[in-house]
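Reviewing the structure listed below.
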Amino acid sequence: QVQLVESGGGLVQAGGSLRLSCAASGLTFSAYSMAWFRQAPGKEREFVGVISASGSRTSYADSVKGRFSISRDNAKNTVYLQMNSLEPEDTAVYYCAATILLSGSIYSHDYKSWGQGTQVTVSS
């Protein structure tokens, strides 16, 4: 049974930083691309970024490009989302997700395994 567990969320002031972690179990982690999505109140879930199974490629939503970065440690079965220069518009529940697609995807329907989410709140 695949389990994805996010951590690291919290309350931060605008301009601050947070690092989210997602610990995976029940899957061959190095074979899966890992993504981060987020969902703000009253809005649809949106793609944030993805890292390929090997870790050699990343892709980001325009709204976070240059501020957020994704990395992974396949030895620890963990993917990270480093968020810098946070803005109130970044307030959302952040989810990690896993897909067998080697390069990942920006579409949520391509991901079969999801974490429970972690709340990030950015105050102005």
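We count residues from 1, following the sequence as given.
Partners of Ser52 under the side chain to side chain contact (heavy atoms under 4.5 Å, CB included) rule, at least two apart in sequence or in another chain, are Ser33, Ser54, Ser56, Arg57. The side chain to side chain contact (heavy atoms under 4.5 Å, CB included) search around Ser124 returns Pro88, not counting sequence neighbours. Legend: residues meeting side chain to side chain contact (heavy atoms under 4.5 Å, CB included) with Leu101, ordered by chain and number and at least two apart, are Thr99, Ser105, Asp110. Applying the side chain to side chain donor-acceptor pair (under 3.5 Å) rule to Lys65 yields the partners Asp62; only residues at least two apart in sequence or on another chain are considered. By the side chain to side chain contact (heavy atoms under 4.5 Å, CB included) test, Ser71 is found to be paired with Tyr80, residues two or more places apart in sequence or in another chain being considered.
Linking Ile, Leu, Val, Met, Phe, Trp and Tyr whenever their side-chain heavy atoms come within less than 4.5 Å puts Val2 and Phe29 in one cluster. Under the 4.5 Å side-chain heavy-atom criterion for grouping Ile, Leu, Val, Met, Phe, Trp and Tyr, Val93 is not connected to Val64 through any hydrophobic cluster. By the rule that hydrophobic residues join a cluster once side-chain heavy atoms approach within less than 4.5 Å of another member, Tyr60 and Phe47 end up as members of separate clusters.
Residue pairs meeting the disulfide (SG to SG under 2.5 Å) criterion with at least one partner in residues 28-78, sequence neighbours excluded, do not occur; the list is empty. Sorted by first and then second residue, the salt bridge (charged side-chain N to carboxylate O under 4.0 Å, His left out) pairs with a member in residues 72-87 read Arg67-Glu87; sequence neighbours excluded. Residue pairs meeting the salt bridge (charged side-chain N to carboxylate O under 4.0 Å, His left out) criterion with at least one member in residues 2-11, sequence neighbours excluded, do not occur. The ring-ring contact (aromatic ring centres under 6.0 Å, His included) analysis of residues 97-124, with sequence neighbours excluded, yields the pairs Phe37-Tyr111, Phe37-Trp114, Tyr107-His109. Among residues at least two apart or in separate chains, salt bridge (charged side-chain N to carboxylate O under 4.0 Å, His left out) pairs with a member in residues 22-42 are Arg38-Glu46, Arg38-Asp90. Among pairs with a residue in residues 52-87, none fulfils disulfide (SG to SG under 2.5 Å), at least two apart in sequence or across chains.
You'll find the side chain of Tyr95 stays beyond 4.5 Å of the side chain of Leu4, heavy atoms only. Using a 4.5 Å cut-off on side-chain heavy atoms (C-beta onward), Leu86 and Leu18 make contact. Within the 4.5 Å cutoff, the side chain of Ile70 has heavy atoms near those of the Val79 side chain. Side-chain contact check for Leu81 versus Phe68: some heavy-atom pair is nearer than 4.5 Å. For the pair Gln82 and Ser17, the minimum side-chain heavy-atom distance is below 4.5 Å.
Within the model, atoms OG of Ser103 and CD1 of Ile51 stand 12.0 Å from one another, a figure rounded to the nearest 0.5 Å. Here Tyr94 contributes atom OH and Thr118 contributes atom OG1; the two are 10.5 Å apart, rounded to the nearest 0.5 Å. To the nearest 0.5 Å, atom CZ of residue Arg45 and atom OG of residue Ser108 are 7.0 Å apart. Note that OG1 of Thr78 is 9.0 Å distant from CE of Met34, once rounded to the nearest 0.5 Å.
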Table please: side-chain donor-acceptor pairs of residues 19-28 below 3.5 Å, with sequence neighbours left out.
none

